[in-house]
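Below: one structure, written as structure tokens.
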Amino acid sequence: MENSISAKVLIVLGSDSDRERIKKLPEVLEWFGIEYDIAISSAHRNPEKTAGIAKNAETDGYSVIIAAAGMAAHLPGVIAAYSSLPVIGLPLDASALNGVDALYSIVQMPPGVPVAAVGINAAVNAGVLAARIIALGNEKISAKLKEFIAQGSKI
Ligand code: RP5
């Protein structure tokens with residue numbers, strides 16, 4: 001297998017206040033040896049910045065985008081509209097509805113613009129899903145994934 005998929009993930013957070021809830025995500029990506037950058041950009045407060053980040057993600061060398069947001073979490077959907085990369089939506093518990101609002105916003109994308117939703121605050125699964133996508137075309141990450149599964153898929 002050639003390393004046709006770059007081991008580089010872009011994490012986009014809807015707000016600086018979301019950092020606390022995704023704490024495990026960098027740890028997971030680091031375990032796999034996946035490079036990442038974190039951008040803070042709200043789909044409604046900084047719409048043009050968000051569009052620019054999404055439009056440039058592929059040429060910037062990222063293979064997967066993880067977009068995390070709470071409340072009416074349209075961020076992953078907006079990013080999926082501007083980029084053809086796989087987008088993993090990570091709904092966060094940031095409101096009186098305890099993340100169910102964000103989950104429904106992310107999981108109910110209209111046909112043709114998919115976002116792969118993980119569970120509420122499921123930062124670990126977002127990271128492992130990114131690793132699984134990258135492993136399809138990256139020998140090093142594929143080997144790490146096999147090691148991860150062999151040790152019980154725990155981090
Ligand atoms: C979402 O609304 C963010 O992802 C955050 O979870 C929540 C609050 O955002 P700010 O009011 O800090 O912009 O967009």
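The structure displayed is predicted, hence computed values, not measured ones. Both counts, for ligands and for their atoms, begin at 1 and track the order of listing.
- Listed by number with element, the atoms of ligand 1 under 4.0 Å from a non-hydrogen atom of Ala94 are 6 (O).
- Ranking the protein heavy atoms by distance from atom 3 (C) of ligand 1 puts Asp18 OD2, 3.4 Å first.
- For atom 12 (O) of ligand 1, the closest non-hydrogen atom of the protein is Ser15 OG, 2.7 Å.
- Those atoms of ligand 1 with a heavy atom of Ala69 less than 4.0 angstrom away are 4 (O).
- The distance criterion of under 3.5 Å between nitrogen or oxygen atoms is met by Gly70 with respect to ligand 1.
- Here CD1 of Ile66 is found 8.5 Å from CD1 of Ile22. Values are rounded to the nearest 0.5 Å.
- Closest approach of Trp31 and Glu147 over heavy atoms only: CZ2-OE2, 3.8 Å.
- Remark: Leu145 CG to Phe148 CZ distance equals 8.0 Å, nearest 0.5 Å.
- Summarising the geometry, atom NE2 belonging to His44 is positioned 9.5 Å from atom CG belonging to Leu75; distances are rounded to the nearest 0.5 Å.
- Considering backbone and side-chain atoms together, Ser42 places no N or O closer than 3.5 Å to any N or O of ligand 1.
- Atom NZ of Lys146 has 12 or fewer neighbouring heavy atoms from other residues, nucleotides or ligands inside a 6.0 Å radius.
- Counting heavy atoms closer than 4.0 Å to ligand 1, residue Ser17 contributes side-chain atoms (C-beta onward) but none from N, CA, C or O.
- If you check which protein heavy atom lies closest to atom 8 (C) of ligand 1, you get Met71 SD, 4.1 Å.
- Here the CG atom belonging to Leu92 is positioned 11.5 Å from the CD atom belonging to Glu20, to the nearest 0.5 angstrom.
- Between Ser63 atom OG and Ile34 atom CD1 the span is 7.5 Å, to the nearest 0.5 Å.
- Distances from ligand 1 to the non-hydrogen atoms of His44 include at least one value under 4.0 Å.
- Atom CZ of Arg19 is separated from atom CD1 of Ile11 by 9.5 Å, given to the nearest 0.5 angstrom.
- Nearest protein heavy-atom neighbour of atom 11 (O) of ligand 1: Arg45 NH2, 2.7 Å.
- Residue contact check for ligand 1: Leu92 places no non-hydrogen atom closer than 4.0 Å to it.
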